[in-house]
> 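Here you go, one structure.
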Amino acid sequence: MNFKTLLIFLIVGIAAIGNSQGPTRKDIFGTTSCIGCHGQSAMGGLGPPLAQAKLKLKDFSSIVRTGKGMMPAIKEGELNDADLASIYTEVQAKPWVPDEIPIAYKVGQFLSPKSVSHIFLAAFLFAAIFAIRGLSYWLKCAAVKDLLPAVGQMGWFKAVGTILKSLVVDGICVASLYQADKKRWLLHGLLLYGMCGLILSDVLIAIFNPQRGQLPMTNPLKLLPVLSGLAIALGVVYVMYRYKKDDYIDNGVTLGKDFLFLNLLVHVVVSGFLVVTLKRFGVNDWVMTIYMYHLAAVFFLIVTGPFTRFQHMYVVPALAAVTRLTEAVVASGVDLGFEREPSPGRHHKSTKIAADVLKHLGEEGPIVMRYYP
Ligand code: HEC
C-alpha cells in the first residue's frame, strides 16, 4: 500500500492541527472557515481579497448567508450574526497588501460552479468514449454479432428483459460471485457499493444542498459519503491483502493499471476524509488546498478509469448479460451448437470449462486461469 502518501498526509494534517490556535476574542476571522478561501491576512486565496472591503455590512452578510459562486452558504449555526459583524469590521481594518494576493486567487478566478462542472463533464465524456470503445471490443470478443440472428428468432422483447434482469442480478447484486465465493463478493461489494454511494451522494448533494452548507454528521447527506468512503477504504485494504497473498494475482497485463486505479482511489478517499476531519477540527487554512487536491484526484480517477481496473465495473456485467442472453436463446429452442459461451472476464466459468476439458483428457488437479480485464 502507498504508505508514503498516507504518511505525508498524516504529517501535513498533524502539522496543520498544531498550527491552529484557539480563538481569541479579537480575531474571529482567523478562526473561521473564511481563511481557507480568503487567506489569513484577508488578501485572498481561492476567493477574492476581503481586506478593506467596500461592501456594506448588509451585502457582506447576505453573501455569507446565501453563498456566492464557489463560496458555500454559511448559516447561523456555524457563525452567528454578532461574529459575522465583527468579521466584517476586522477585515475592513486589515491593510491592503497587493504582494500577498496569492497565485491561488488567479486559479480561483477560473473556478466557478459552472467551470468546474464543465471540467468534470469533459472528463466524463472523455471517459465515456473510451469506455464504449473498450466495451465494444469485449462484446466483439464475446461474438455478440453471431448471436444477434438467433436473438431475433427468440424475440427482442424477451432479450431486453433478460439483459436488464442480468444487469441487476449479476451486475448490481454480483449474484454469481455471492454463490461462488462470499469473501470475494464482499470485497467486490465494498468497492462497488462504496463507489456507487459516492456518486449517489454527489448527485443528492447537488440537489438538496447545492450551496454545500455545513451539515451535522448525522445528516444522511453526510453519512452516505462517509460510509461509502469507509467501504472503499476497507475494500482497498482487502485488495492489497489479496495482492500479497495470491501468487497468481499478476496476470501479466494489468498489474500497473490495477495499481494506478488503487492509488487514485486511496488519494481520493484519504483526501476526502482529511477535508471532513480538518473542517471538524477547525483547521480551516488547509481545507481548501486539500479539497482542491481531492477534486484533482477525482478528476484523474475519472479520466484514467477506462484504462484501469475501473472497466471491470461495466465490462463484466455486460459480458455476464451476454452469457444470460445466450442461455435464454438456447432455452427458447434455437440451436446454437453450445449452451453458454465462456465470455472473457467470466473466469470462474471458464475455469470450470477448462477443468472439464482437462478431465476428459485424463488430467486432474487445480486450475488457475488468469483473465483480463
Ligand atoms: C470554499 C471557499 C470559501 C469560503 C470557506 C468562504 N468564501 Fe467567501 N468567497 C469565496 C469565493 C470563491 C468568492 C467569490 C465568489 C464569486 O464572486 O463568484 C467569495 C466571495 C466572498 C465575498 C464577496 C466579495 C466580493 O467582493 O464580491 C464575501 C464578502 C465573502 N466571500 C466573505 C466570506 C466570509 C466572511 C467567509 C467566512 C465566514 C467566507 N467568505 C468563506 C470562497 C469562499
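All ligand and atom numbering here is 1-based and tracks the order in the structure. Quick note: residue numbers are just sequence positions, from 1.
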> Suppose we measure from atom 34 (C) of ligand 1 to each protein heavy atom; which comes out shortest, and what is that distance?
Cys34 SG, 3.4 Å
> For atom 33 (C) of ligand 1, what's the nearest protein heavy atom and its distance?
Met71 CE, 3.3 Å
> Could you tell me the separation between the CE atom of Met43 and the CH2 atom of Trp96, rounded to the nearest 0.5 Å?
4.0 Å
> Verify whether one side chain among Tyr293 and His267 offers a donor that lies under 3.5 Å from an acceptor in the other.
yes
> Within a strict 4.5 Å, meaning less than it, do heavy atoms of the Tyr238 and Lys183 side chains meet?
yes
> Does any N or O atom in Thr32 lie less than 3.5 angstrom from one in ligand 1, N or O only?
no
> What residue and heavy atom of the protein are closest to atom 7 (N) of ligand 1, and at what distance?
His38 NE2, 2.8 Å
> Check Met288 against Leu46 and note the closest heavy-atom contact, atom names and distance.
CE-CD2, 3.4 Å
> Within a reach of under 6.0 Å around CZ of Arg280, are more than 12 heavy atoms found that belong to other residues, nucleotides or ligands?
yes
> In terms of residue, atom name and distance, what is the protein heavy atom nearest to atom 13 (C) of ligand 1?
Pro48 CD, 3.3 Å
> Note the single closest protein heavy atom to atom 28 (C) of ligand 1, along with its residue, its atom name and the distance in Å.
Leu50 CD2, 3.6 Å
> Quick check with a 6.0 Å cut-off and a 45 degree axis cone: is Lys182 positioned over the face of Tyr178's six-membered ring?
yes
> If you draw a 6.0 Å radius around NZ in Lys94, do more than 12 non-hydrogen atoms from other residues or ligands fall strictly inside?
yes
> Hey, what do you get for CG (Leu190) to CG (Leu234), rounding to the nearest 0.5 Å?
6.0 Å
> Looking only at protein heavy atoms, which one is nearest to atom 18 (O) of ligand 1, and what is the separation?
Gly69 CA, 3.8 Å
> What's the separation between atom OG1 in Thr31 and atom CG in Asn284, rounded to the nearest 0.5 Å?
8.0 Å
> In terms of atom number and element, which parts of ligand 1 are under 4.0 angstrom from non-hydrogen atoms of Leu79?
38 (C)
> So is Pro72 touching ligand 1 or not, going by heavy atoms under 4.0 Å?
yes
> For atom 8 (Fe) of ligand 1, does an N/O/S atom of Cys37 lie at less than 2.8 Å?
no
> CG of Leu50 to CD of Glu90: how many Å apart, nearest 0.5 Å?
11.5 Å
> Around atom 25 (C) of ligand 1, find the nearest protein heavy atom and jot down its residue, atom name and distance.
Leu55 CD1, 4.1 Å
> Considering heavy atoms of the protein only, find what lies nearest to atom 23 (C) of ligand 1 and give residue, atom and distance to 0.1 Å.
Ile63 CD1, 3.6 Å
> Heavy-atom contacts under 4.0 Å between Val91 and ligand 1: side chain, backbone, both, or neither?
neither
> Below 4.0 Å, non-hydrogen atoms only: which portion of Leu111 touches ligand 1? Side chain, backbone, both or neither.
neither
> Hey, can you tell me if Phe307 and Phe126 have their rings parallel, tilted or perpendicular (30° and 60° cut-offs)?
tilted
> Within a reach of under 6.0 Å around CZ of Phe300, are more than 12 heavy atoms found that belong to other residues, nucleotides or ligands?
no
> Pull out every atom of ligand 1 sitting under 4.0 Å from any heavy atom of Ile74, numbered as shown with elements.
37 (C), 38 (C), 41 (C)
> Give yes or no for whether the N/O distance cutoff of 3.5 Å, strictly under, is met between Ser33 and ligand 1.
no
> Nearest heavy atom to atom 16 (C) of ligand 1: which of Lys54, Lys68, Lys279 does it belong to?
Lys68
> Just wondering, are more than 12 heavy atoms of other shown residues or ligands nearer than 6.0 Å to CD1 in Ile207?
yes
> Find all atoms of ligand 1 within a distance of less than 4.0 Å from any non-hydrogen atom belonging to Phe60, and give their numbers and elements.
29 (C), 35 (C)
> Using a 4.0 Å heavy-atom threshold (strictly under), name the region of Val287 that reaches ligand 1: side chain, backbone, both or neither.
neither
> Which ligand 1 atoms are under 4.0 Å away from a heavy-atom of Gly47?
10 (C), 11 (C), 12 (C)
> What part of Met288 sits under 4.0 Å from ligand 1 if we count only heavy atoms: the side chain, the backbone, both or neither?
side chain
